[in-house]
Amino acid sequence: MFKPYYRLRRLRRCPQIRNMVRETVLCRDDFIFPLFVIAGKNIVNPISSMPGHSQLSVDRLIPEVKDVWKHGIQSVLLFGIPEHKDAVGSDATSDKGIIAQAIRAIKDAVPEMYVVSDVCFCEYTDHGHCGPLKNGEVDNDATLELLVKQVLVQARSGVDMVAPSGMMDGMIAAIREGLDESGFTHIPIMSYAAKYASGFYGPFRVAAQSAPQFGDRKGYQMDPANSNEAMREVEQDIEEGADIIMIKPAMAYLDVIYRVKTQYLMPTAAYQVSGEFSMIKAAAERGWIDHDRIMLETLTCIKRAGADIIITYFAKEVADKL
Ligand code: PBG
């Protein structure tokens with residue numbers, strides 16, 4: 001009988017030794033929990049494709065943020081759904097807008113919570129694109145001007161970190177300069193540097209009421225087929241002053257996470273997006289997969305690939321398992 005000399009199974013024999021040699025361990029500090037805040041009062045609109053998640057008005061958001069903190073999750077990422085949408089997304093650039101209200105309310109009620117805000121216009125424009133249009137296309141440079149106004153509203157409201165997600169060229173430099181000129185040199189930028197034009201955003205667009213009313217986002221978000229281009233996107237954002245680099249979605253883009261982390265050694269975030277969450281929830285509901293096992297496995301693998309930070313709708317649930 002052939003006798004292997006080297007036996008890798010020796011270190012897999014019991015939990016104790018497996019625990020000792022485990023290379024990747026999740027902890028609560030890894031996670032950011034996304035929240036949808038909607039204009040109005042006393043609103044809790046459950047999002048049917050995202051069990052456990054709802055659109056919340058500011059008053060109902062506060063108990064939820066307290067609950068997130070109780071779970072040991074120290075950071076939330078905010079998306080706003082305004083009362084009125086228009087061609088330029090005015091609500092996002094108003095100090096009275098939904099996101100400004102939400103940030104102030106959270107920093108008032110739970111000051112320790114690290115509040116990150118999405119910086120983009122698709123939730124605020126009536127056409128659902130990520131900036132103002134010119135001849136049916138998003139006008140890149142006009143969008144940059146508005147993005148600066150948007151981050152300054154968020155900064156004045158007390159946001160801890162901003163996360164631009166619109167994939168406009170030059171957005172990081174514009175935002176960094178805008179923040180610095182107004183004295184917000186301490187606010188970091190987490191850039192959605194490599195954000196793909198992905199079908200996995202479907203449930204989010206229903207949740208955030210941000211689906212484009214015509215066309216798609218392929219004119220600014222990346223082609224899922226490309227990885228070299230992701231490196232150029234990331235490199236440009238680092239040069240422009242991004243503090244954290246994000247790759248999005250996560251599970252289908254682990255190679256991009258790995259490549260970016262290995263090449264640039266930057267603090268790297270991955271966004272396990274709505275569709276990834278919904279697929280797991282739906283299959284688990286049908287009894288086809290083990291919910292907790294798949295939740296932990298996917299998150300562990302995203303971290304193993306190189307993510308230091310994971311934005312995930314599972315943050316509260318996974319915290320209970322750690
Ligand atoms: C754009 C934005 C999107 C997501 C986060 N920021 C959607 C899009 O590009 O259409 C998607 C997140 C998710 O699917 O969970 N502001």
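Each ligand, and each atom within it, is numbered from 1 in the order the structure gives. Quick caveat: nothing in here was measured; it's all calculated off a predicted structure.
- In summary, the side chains of Gln272 and Thr298 do present a donor paired with an acceptor at a separation below 3.5 Å, with no hydrogens or angles considered.
- When hydrophobic clusters are built by joining Ile, Leu, Val, Met, Phe, Trp and Tyr residues whose side-chain heavy atoms come closer than 4.5 Å, directly or via intermediates, Leu61 is grouped together with Met50.
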**Prompt:** When you look at Asp292 and Lys321, which way does the salt bridge (Lys or Arg N to Asp or Glu O under 4.0 Å) test go after all the steps?
**Reply:** CA-CA 8 Å; Asp292 291 354; Lys321 302 287 164 198; 3.0 Å; yes
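- In terms of protein heavy-atom proximity, atom 14 (O) of ligand 1 is nearest to Ser274 OG, 2.7 Å.
- The ring of His127 has its center no closer than 6.0 angstrom to the ring center of Phe121.
- The cationic atom of Lys248 (NZ for Lys, CZ for Arg) lies less than 6.0 Å from the six-membered ring centre of Tyr201 and within 45° of the ring axis.
- Taking a cut-off of under 4.0 Å to the non-hydrogen atoms of Phe79, the atoms of ligand 1 that pass are 5 (C), 6 (N).
- Aromatic ring centroids of His71 and Phe33 lie 6.0 Å or more apart.
- Residue contact annotation: Phe277 has no non-hydrogen atom under 4.0 Å from ligand 1.
- Atoms of ligand 1 found under 4.0 Å from any heavy atom of Tyr313 (numbered from 1 in listed order, with element): 12 (C), 13 (C), 15 (O).
- Counting the atoms of ligand 1 from 1 in the order shown, those under 4.0 Å from a heavy atom of Tyr271 are 12 (C), 15 (O).
- For ligand 1, the atoms sitting less than 4.0 Å from at least one non-hydrogen atom of Cys120 are 16 (N), numbered in the order shown with element in parentheses.
- Scanning the protein for heavy atoms near atom 11 (C) of ligand 1, the closest one is Lys248 NZ, 3.0 Å.
- In this structure, the protein non-hydrogen atom closest to atom 1 (C) of ligand 1 is Lys195 NZ, 3.1 Å.
- When only modelled atom types and interatomic distance are considered, Ser165 and Asp118 share a side-chain donor-acceptor pair under 3.5 Å.
- Counting only heavy atoms of the protein, atom 10 (O) of ligand 1 lies nearest to Arg205 NE, 2.5 Å.
- Distances shorter than 4.0 angstrom do not occur between any heavy atom of Phe121 and any atom of ligand 1.
- Listed by number with element, the atoms of ligand 1 under 4.0 angstrom from any heavy atom of Glu123 are 16 (N).
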**Request:** Decide yes or no on salt bridge (Lys or Arg N to Asp or Glu O under 4.0 Å) for Arg259 and Asp255, but give the supporting numbers first.
**Result:** CA-CA 6 Å; Arg259 209 175 155 192; Asp255 58 323; over 6 Å; no
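- Listed by number with element, the atoms of ligand 1 under 4.0 angstrom from any heavy atom of Gln221 are 8 (C), 9 (O).
- Atom 12 (C) of ligand 1 has its closest protein heavy atom at Phe204 CD1, 3.4 Å.
- For Phe204 and Phe79, the distance between ring centers is under 6.0 angstrom.
- Considering backbone and side-chain atoms together, Ser210 places no N or O closer than 3.5 Å to any N or O of ligand 1.
- Here is the list of ligand 1 atoms found below 4.0 Å of a heavy atom in Cys122: 1 (C), 16 (N).
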**Message:** Let's go through Ser117 and Gln154 carefully: what are the C-alpha distance in whole Å and the side-chain angles of both, what is the deciding distance for side-chain hydrogen bond (donor to acceptor under 3.5 Å, both in side chains) to 0.1 Å, and is it a yes or a no?
**Reply:** CA-CA 7 Å; Ser117 190; Gln154 298 176 355; 3.1 Å; yes
